[in-house]
Each structure stands twice: as structure tokens, then as C-alpha cells.
Amino acid sequence: MLAITEFLQANMTMIYVLVLAVFLGFELIGKVPTVLHTPLMSGANAISGVVIIGAIILVRSSSSDDYLALSLGCIGTALGMINVVGGHAVTNRMLEMFKKKK
Amino acid sequence: MEEFINLGYLIAVVLFIVGLKQLSSPKTARSGNLLAAAGMGLAIVLAMIAPMERGDNNYVWIIAGMLAGGIIGLVSARRVAMTDMPQMVSIFNGLGGGCAVAISIVELDHYQGMTDLSIGVHMTTLFALFVGAVAFTGSLLAYGKLQGLINDNTLKIPAPTVVNMTLLVAILAGIAFRAYAPTEPFFWAYLILGVSLIYGVTFVVPIGGADMPVVISLLNALTGVAAALAGIVYDSQVMLVGGILVGASGTILTVLMCEAMNRSLWNVIIGGFGGSSGGSAAVEGNIKEISVSDSAILLGYSESVVVVPGYGMAVAKAQNEAHELEKLLESRGVRVRYAIHPVAGRMPGHMNVLLAEADVSYDKLLDLDDANNALSTTDVAIVVGANDVVNPAAKDDPGSPIYGMPILDILQAKQTIVMKRSMRSGYAGIDNPLFFHEKNRMLFGDAKDTLAALVSEVKNLG
């Protein structure tokens, strides 16, 4: 248990950011018209692709003969990129349809 | 250099926040998506150029992965039909979870033999592995179900709640054990991964029917959480905030969807819409069919018509024909509006997207409350491929599994027409007494063909 509290202590700023972000997330989309539920879900989904940053950091910080890290990291960047690019592109396509008329 | 990088990450986070905010309002939604995308692009560039303490950069591997992923993502996003959008979102989401799994496994591998490994970091990584794995297999299964590759009725597990609880406890115990005993064989990490992947499947298996969108939204929130956990591991604020924003907003969206169906999240997760309709009254009676030309006369000479679209319209890609019929009827002086149930289709807003694609004007779309008000003064309510959202059993039959769900009460209209391919029950597998109601007529056939036939019949009315 001590180890956990020490970990929390050492990462207090992160914990603060986390807690504030939770509240921010709840508040940000408190009321959304049903029309936008699907695009919003899709847009949020694209943002969750931010995990790709982790894959990039992982590959960059690995040594060039660590093939497990390189190959899994490479797969990770590909998967993350599909999530990011596909997610934003699909969201944009949906929203374009609303734009056509006024 | 370092300080500019961190400032840049802060800008990326602000772009995410403003983007999400704008995405929740119709006027700004499009620019919101672009802002969030810009934030993501900025974060990726910064992650590429930030100075690293160790490692050989290995840019070739990163760029190869990004190019492959970028092209696959862009092409599939361009090609996918609007009707298949929910599955697409689900699979994109699952791949994000897969990314979290890939990086967590490598990190865990690196932890082996580390003497100064903190239990907190180890545990966070194990949690990222677990949550990412559940989001991965869960989303892929949701994709399979929505795409029709996997049938709800053939894939079943006995006592799903017991199985799921057992797996969940086993995973949590495994994570705690592994974090406190990092010198045990690495096999443990794979075991946790394996059981988490299985849990993702067993978590989604019992859920079906109208609940699929709720699950996708929930899995979306999970991927966000996995990204945030990985953010703690990498000490990256942009991952932490981005992930948590998605986790929180996804949870809110999930709850909103459950509210629209008048069910609790727990009820959805343990799979309330099982195949057995329990004590629900058996529906019996005769159905009355109506021909296309009679329907055309009925519609053409009424004053006000409400169209109730559902997943059947999406499958038949009949939104353009619906719009054509609407224009034609309007030119005859008939007032036409669309009643959109919050969970019609496979995702909230699914019908709005489809009708917007067909150029239907935004102000013709009525939400649940407005629609129910309008229906009392409606001559004909015509149901295009919807079923569960107009099932009066939700109002009248306490034994029905969907009892309590708000529905479009179309029997308030003077006459109802239900367009359906066959007498098969809806996605939730529940009988619909509406079909047997004396006010109702059935118009069998493919939605697209039938609507096209209606259009030409109405034209002939002169």
C-alpha cells in the first residue's frame, strides 16, 4: 500500500490534471442535441487515438536492435494512426452533410 | 527546445478541449473536428521532434507505421457507406485500444530486470494493457455484430454475469499480484493480456439489439482511459488529458443514450434484452396488408404525414427516396415531417446523418417530444424500417423487456402504415403488437423499392 501512496505523491501534478480533466470532460458535453451524438462519438474516438504519442515515444526511445519494441511500436503507430486519421475523416464526412444546407 | 515542446503540447491540449466543445454544437461542429485534428497533428509533430534522453529515434519504423495507418484510415473513412458508420467508428476505436496493448506489452517487457521499478508505474501499465485489450476485442466483436458477421443468437455464453465477474476479479487479482511480484516469469503479463482479451469478448457477447450503440460508446470511453493510463506511464500530459476527456465525455454520452432508452447502464451491461421475452404477453391477431397504390392515395390526400425512419431505411439506403416522396407530397400541400427516435438506427443521430445526406431540411426533423405532440394531429404515420422504437408494448405491457422505454406513440395518428421486409421481429427480437393493431396496415417490401413505387404512384394521382 505504501508503494501506491508514494507513487501518487510523486505524481501529484498528474493526479490534479487527471481529476480536473475528468470534470472538464463531464462539463464540456453536458447537453448535446441527439443529432450530434454520432459525430461527437466519432470525434471523441479520433481524439482517443492520442495513444499514438505513446507509440512514437516508445519507438524513439528504443535502441535500434530492440526488435520487439520496434515491431510492436511500428504496429502501434499504424493502429493509432488508423484511429486518428480514420476517426477525423469519418467525422468530417458526417458533418459535411449537415453543412450543405443552411 | 524543451520549453517550446511543452508549450506546444499545451496548445494541442487546448485545441482538443475547444474542439470537443465545438463538436457539441451544430453550428461549430465541423470546425471543432478540424481543430481537434489540428491539435492531434501538432502533438504528433512534437512527439517526433522532442529531444529524447535515450534511444536511437528509429524514424524509419515510425514513419512506416504512420504511413500505413494513415493510408488505411483515410481510404476506409472515404469508402465506408454512411449506413455502416457505426461499425466503422467501432473498429477505429478497437484499433486505438490495440495500440495501447502493443505499447504496454513492450513497456512491461522493458520492466523485466529493472531494479528501481515503481509498483505504481508497473500497475498503471498493467491497467493500460487490460483496458486497451478489452476495448480491442470488445470493439472488434461489436463491429462483427453490427456488420452481420456474427449473429447475436448463435454466439451465447451461459450465465454471462457470473463469467464476466469471475474474469474481472481474476484480471484485477492478476494485476495486483504481478505488480507486487515483478520478478515472477513474464508469462504473467501474457496471461493478464490473454484473459483481458477474452473478457472483452464475454463483456460484449450478451449485449445486443438496440444496446449496441451504448456499448460502442462505452468502449470508446475505455480506449480514452487506456490512452490516459499510457499517458501516466510516459509522463505525457497531452495523452493524459486527451484520454481522460474522451473517457469522461464517452461516459456522459453513454449515460445519455441509456437515458434515452429509459434503462440503467448496469441493465445494459448485464444484457437485459436477452432472447427470452420472459413474461411478455404473446402477440396474436391478424395483420392487414395494404397495396402501394392504396398507400399512395392515403398519403396523397392527407393533410399531414409523419415519417418514422429506422434501421431498415439505413440498410435499404432509402433516404433519398424518402426525401423524394416528401418533396412530392409537399408539392401537393401535404405537411411532411420526420419523427426521429433518439435510438433509431444503430447509433444516436444515425437517422439525422442519413437524412441530412439526402438533403432533408433540418427543421423537418422532430425529436421524441415534438414528434409525440405532432402525432396527435397527424393523418398518416408511415414507418420506414423502424420497429422497436414504435413498439406500444414499451408503454402497455409491463412484461415486455423494453417496458418503460420512451417510444414514438404513432397510434395517436389517424392511420399508420408500417413498411417492412417481412414479419420478422426487430433487432431486439421482441414482438410488436403495433402490427396487429386495427389502425395499422402493413406494406411489405424493400424500403427503397417500395418508396420509389410510392413516388411514382403519388405522381399518377395527378
Side-chain angles (χ1 to χ4, degrees), chain A residues 3-4 7 14 17-18 21-22 25-26 28-29 32 34-45 47-51 53-64 68-70 72 74-92 94-95 97-99, chain B residues 16 20-21 23-24 29-30 33 36-37 40 43 47 52 54-58 61-62 65-66 68-70 72-74 76-77 89 92-93 95-96 98-100 102-103 106 118-120 217 220 223-224 227 230 234 239 241-242 244-246 248-249 252 342 347-350 352-353 356-357:
Chain A
I4 304 281
F7 172 71
M14 281 301 237
V17 173
L18 188 149
V22 169
F26 283 158
L28 263 184
I29 57 154
V32 189
T34 335
V35 207
L36 284 179
H37 280 183
T38 302
L40 179 63
M41 186 200 287
S42 176
N45 170 44
I47 295 179
S48 72
V50 74
V51 68
I53 304 295
I56 294 174
I57 297 177
L58 169 71
V59 176
R60 286 192 62 201
S61 63
S62 299
S63 69
S64 55
L68 176 80
L70 292 181
L72 279 180
C74 177
I75 293 174
T77 42
L79 296 181
M81 205 64 183
I82 296 178
N83 192 178
V84 169
V85 174
H88 283 299
V90 147
T91 312
N92 196 48
M94 284 189 236
L95 293 171
M97 291 171 187
F98 292 120
K99 208 199 61 177
Chain B
F16 286 163
L20 259 184
K21 175 85 194 155
L23 264 171
S24 51
R30 195 148 178 263
N33 181 47
M40 188 66 75
M52 301 295 287
R54 59 198 167 88
D56 300 329
N57 282 330
N58 309 302
W61 292 81
I62 301 178
M66 291 213 300
I72 296 173
L74 201 59
S76 32
V89 173
F92 284 154
N93 181 53
L95 296 182
C99 178
I103 61 179
V106 178
S118 121
I119 290 181
S217 176
N220 185 23
T223 310
Y234 288 106
M239 286 171 74
V241 177
I244 287 292
L245 282 177
V246 176
S249 61
I252 288 281
M347 256 191 185
H350 196 181
N352 305 73
V353 172
E357 185 190 22

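Chain A is the first sequence line, chain B the second, and so forth, proteins listed ahead of strands; every chain is numbered from 1. Not measured: the values here are computed from a predicted model.
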Q. Can you tell which of G224(B), A77(B), A102(B) has the highest number of heavy-atom pairs within less than 4.5 Å of chain A?
A.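 The option with the most such pairs is A77(B).
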Q) For chain A, which of V89(B), I244(B), V106(B), N57(B) has the most heavy-atom pairs under 4.5 Å? A)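 Maximum pair count with chain A is reached by N57(B).
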Q. What residues, two or more places apart in sequence or in another chain, satisfy side-chain contact (heavy atoms from CB on, under 4.5 Å) together with A44(A)?
A. L20(B), N220(B), V246(B), S249(B)
(Q) Can you list everything that forms a side-chain contact (heavy atoms from CB on, under 4.5 Å) with I119(B)? Sequence neighbours excluded, please. (A) A3(A), I4(A), A179(B), Y180(B)
Between [X] (side chain) and [Y] (backbone), is there a donor-acceptor pair under 3.5 Å?
X      : Y      : result
N83(A) : N45(A) : yes
R60(A) : I62(B) : no
S42(A) : T38(A) : no

Quick one: which of [options] has the most heavy-atom pairs under 4.5 Å with chain B, could you say?
options                        : value
L70(A), I57(A), V17(A)         : L70(A)
L58(A), L72(A), T91(A)         : L58(A)
S64(A), G43(A), A21(A)         : S64(A)
V84(A), L40(A), L68(A), I53(A) : I53(A)

Q: Can you tell which part of M40(B) gets under 4.5 Å to a heavy atom of chain A, answering side chain, backbone, both or neither?
A: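 It is the side chain, since no backbone atom gets that close.
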Q: With a 4.5 angstrom heavy-atom cut-off, could you sort out which part of S217(B) is near chain A: side chain, backbone, both or neither?
A: both
**Q.** Which portion of I75(A) sits near chain B, non-hydrogen atoms under 4.5 angstrom
**A.**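 Neither the backbone nor the side chain of I75(A) comes within 4.5 Å of chain B.
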Q. Is it the backbone or the side chain of V59(A) that comes under 4.5 Å from a heavy atom of chain B, or both, or neither?
A.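 Both backbone and side chain.
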Q. Which heavy atom in P39(A) sits nearest to a heavy atom in L95(A), and how many Å separate them?
A.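 That would be CB-CD2, 3.7 Å.
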Q: Write down the atom of V50(A), the atom of A227(B), and the distance for their closest heavy-atom approach.
A: CG1-CB, 4.1 Å
